[in-house]
Amino acid sequence: MANLFCVKDKVVIITGGAGILGKGIAKHLATEGAKIVILDRAIESGKQIVTEIKETGGEAIFFLTDVLDKEVLEQNKKDILTKYGRIDALLNAAGGNMAGATIAPDKTIFDLDIEAFRKVVDLNLFGTVLPTVVFAETMASQKEGTIVNFSSESALRPLTRVVGYGAAKAAISNLTKYLAGELAIKFGEGLRVNAIAPGFFLTEQNRALMTNPDGSYTPRAESVIAHTPFRRLGTPDELYGTIQYLISEASKFVTGTVAIVDGGFDAFSI
Ligand SMILES: NC(=O)c1ccc[n+]([C@@H]2O[C@H](COP(=O)([O-])OP(=O)(O)OC[C@H]3O[C@@H](n4cnc5c(N)ncnc54)[C@H](O)[C@@H]3O)[C@@H](O)[C@H]2O)c1
């Protein structure tokens with residue numbers, strides 16, 4: 001039987017592909033033979049990842065983007081189609097929390113900075129809607145393509161402090177289900193949309209919340225670990241298998257799901 005999880009020669013766009021989770025996923029999929037398109041606003045690290053992928057014999061290209069700018073995304077699409085001629089998968093990984101959009105322990109919801117809240121919703125929700133609208137059009141014309149959105153544990157169980165981020169990620173989970181129906185009904189079962197909800201992975205966006213300057217865990221990280229049956233944070237490589245599954249034939253009857261990858265955090269009560 002053919003390898004159900006094969007991603008060889010698939011053209012995979014990763015927005016936020018220069019970030020901690022995105023770059024690990026990019027490198028993994030490249031080693032499996034996928035052609036990787038890194039879209040990010042971080043030029044240096046984006047190009048660096050392409051270099052590293054090429055050094056190990058993989059295929060990758062970087063394009064500067066802003067996931068909030070449809071014109072730029074349309075230009076990205078033209079450039080990608082010129083280079084590779086098709087788009088097989090879109091991973092909407094650009095996103096993250098923003099310090100100003102949180103409620104500090106000594107503050108309340110009445111201190112909320114509404115502009116910061118708007119910005120975090122913009123990046124995490126509109127920053128997924130816009131690339132989806134632009135790139136899924138190509139998938140619709142191909143009658144084939146898979147999308148993986150990045151939700152979060154905070155969408156499933158509101159976490160203290162990250163009020164705007166959690167709301168935006170909850171919207172991503174809902175949008176994922178909406179798009180699954182919309183695209184399959186109108187363009188056929190070749191189009192699938194799923195999401196992953198990563199639990200707690202130490203990356204730049206949460207480092208200040210999870211670690212002290214000396215690297216030790218903050219009380220918040222200790223509390224996360226205490227609530228996780230695996231008793232530890234995740235490492236980015238623990239997302240690779242789920243992503244590969246969701247963009248390969250292995251999941252060909254799977255759409256509209258949110259795959260939770262969290263060491264049991266969501267399932268656990270007491
Ligand atoms: N790290 C975690 O524990 C965790 C948990 C759950 C969900 N997530 C989600 O996973 C995704 C990746 O997270 P990460 O930890 O790798 O974050 P990260 O901050 O390391 O990477 C995010 C990337 O997005 C890029 N980006 C930001 N705004 C952009 C814009 N307007 N246009 C283009 N690129 C832009 C950044 O340059 C960066 O490279 C995010 O959506 C995040 O919310 C992360």
Side-chain angles (χ1 to χ4, degrees), residues 13-28 37-50 62-73 75-76 90-99 101-102 119-132 134-135 147-159 162 164-173 175-176 195-211 217 220-221 224-225 228 232-240 242-243 258-263 265-266:
I13 299 175
I14 310 179
T15 73
I20 305 268
L21 299 183
K23 75 177 167 199
I25 294 164
K27 287 180 181 176
H28 167 73
V37 180
I38 305 272
L39 294 186
D40 206 291
R41 63 178 182 184
I43 302 179
E44 290 314 315
S45 36
K47 287 185 171 168
Q48 176 62 29
I49 293 150
V50 168
F62 168 78
F63 293 112
L64 179 64
T65 202
D66 177 356
V67 289
L68 297 176
D69 188 331
K70 192 160 183 250
E71 263 180 52
V72 175
L73 290 161
Q75 184 58 49
N76 293 147
L90 167 65
L91 311 184
N92 281 311
N97 185 38
M98 290 173 187
T102 60
K119 274 194 185 140
V120 84
V121 173
D122 260 348
L123 174 61
N124 287 282
L125 180 57
F126 288 77
T128 288
V129 172
L130 285 167
T132 297
V134 171
F135 300 120
I147 298 173
V148 179
N149 294 328
F150 280 58
S151 185
S152 161
E153 192 65 58
S154 60
L156 307 163
R157 296 182 158 217
L159 309 175
V162 293
Y165 178 72
K169 291 300 192 185
I172 289 292
S173 297
L175 177 77
T176 298
I196 56 165
F200 297 86
F201 297 76
L202 193 59
T203 62
E204 287 322 309
Q205 60 152 293
N206 61 15
R207 194 171 297 278
L209 276 173
M210 304 295 262
T211 59
Y217 286 137
R220 187 178 179 85
V224 165
I225 291 166
T228 303
R232 64 175 177 85
L233 302 179
T235 56
D237 58 293
E238 290 169 320
L239 293 174
Y240 302 168
T242 305
I243 298 273
V258 179
I260 302 169
V261 185
D262 71 351
F265 183 98
D266 185 61

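Read the numbers this way: they start at 1 and go in the same order the structure lists the ligands and their atoms. Numbers here are sequence positions counted from 1.
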When you compare the side chain of [Y] with that of [X], does any pair of heavy atoms fall below 4.5 Å?
X    : Y    : answer
L90  : T15  : yes
F201 : D237 : no
F63  : V37  : yes
L39  : V67  : no
L91  : F150 : yes

Which protein N or O atoms sit under 3.5 Å from any N or O of ligand 1? Give each pair with its distance.
{"residue": "ligand 1", "atom": "1 (N)", "partner": "F201", "partner atom": "O", "Å": "3.3"}
{"residue": "ligand 1", "atom": "1 (N)", "partner": "T203", "partner atom": "OG1", "Å": "3.0"}
{"residue": "ligand 1", "atom": "3 (O)", "partner": "F201", "partner atom": "N", "Å": "2.9"}
{"residue": "ligand 1", "atom": "3 (O)", "partner": "F201", "partner atom": "O", "Å": "2.8"}
{"residue": "ligand 1", "atom": "3 (O)", "partner": "N206", "partner atom": "ND2", "Å": "3.4"}
{"residue": "ligand 1", "atom": "13 (O)", "partner": "Q205", "partner atom": "NE2", "Å": "3.4"}
{"residue": "ligand 1", "atom": "15 (O)", "partner": "T203", "partner atom": "OG1", "Å": "2.9"}
{"residue": "ligand 1", "atom": "15 (O)", "partner": "Q205", "partner atom": "NE2", "Å": "3.4"}
{"residue": "ligand 1", "atom": "16 (O)", "partner": "I20", "partner atom": "N", "Å": "3.3"}
{"residue": "ligand 1", "atom": "16 (O)", "partner": "L21", "partner atom": "N", "Å": "2.8"}
{"residue": "ligand 1", "atom": "20 (O)", "partner": "I20", "partner atom": "N", "Å": "2.9"}
{"residue": "ligand 1", "atom": "28 (N)", "partner": "R41", "partner atom": "NE", "Å": "3.4"}
{"residue": "ligand 1", "atom": "31 (N)", "partner": "D66", "partner atom": "OD1", "Å": "3.0"}
{"residue": "ligand 1", "atom": "32 (N)", "partner": "V67", "partner atom": "N", "Å": "3.0"}
{"residue": "ligand 1", "atom": "34 (N)", "partner": "R41", "partner atom": "N", "Å": "3.4"}
{"residue": "ligand 1", "atom": "37 (O)", "partner": "D40", "partner atom": "OD1", "Å": "2.6"}
{"residue": "ligand 1", "atom": "39 (O)", "partner": "G19", "partner atom": "N", "Å": "3.1"}
{"residue": "ligand 1", "atom": "39 (O)", "partner": "D40", "partner atom": "OD1", "Å": "3.3"}
{"residue": "ligand 1", "atom": "39 (O)", "partner": "D40", "partner atom": "OD2", "Å": "2.7"}
{"residue": "ligand 1", "atom": "41 (O)", "partner": "A93", "partner atom": "O", "Å": "3.1"}
{"residue": "ligand 1", "atom": "41 (O)", "partner": "K169", "partner atom": "NZ", "Å": "2.9"}
{"residue": "ligand 1", "atom": "43 (O)", "partner": "G96", "partner atom": "N", "Å": "3.4"}
{"residue": "ligand 1", "atom": "43 (O)", "partner": "Y165", "partner atom": "OH", "Å": "2.6"}
{"residue": "ligand 1", "atom": "43 (O)", "partner": "K169", "partner atom": "NZ", "Å": "3.2"}

task = For N76 and T65, test the side chains for any donor-to-acceptor distance below 3.5 angstrom and give the result as yes or no.
result =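 Note: N76 and T65 side chains meet the donor-acceptor criterion.
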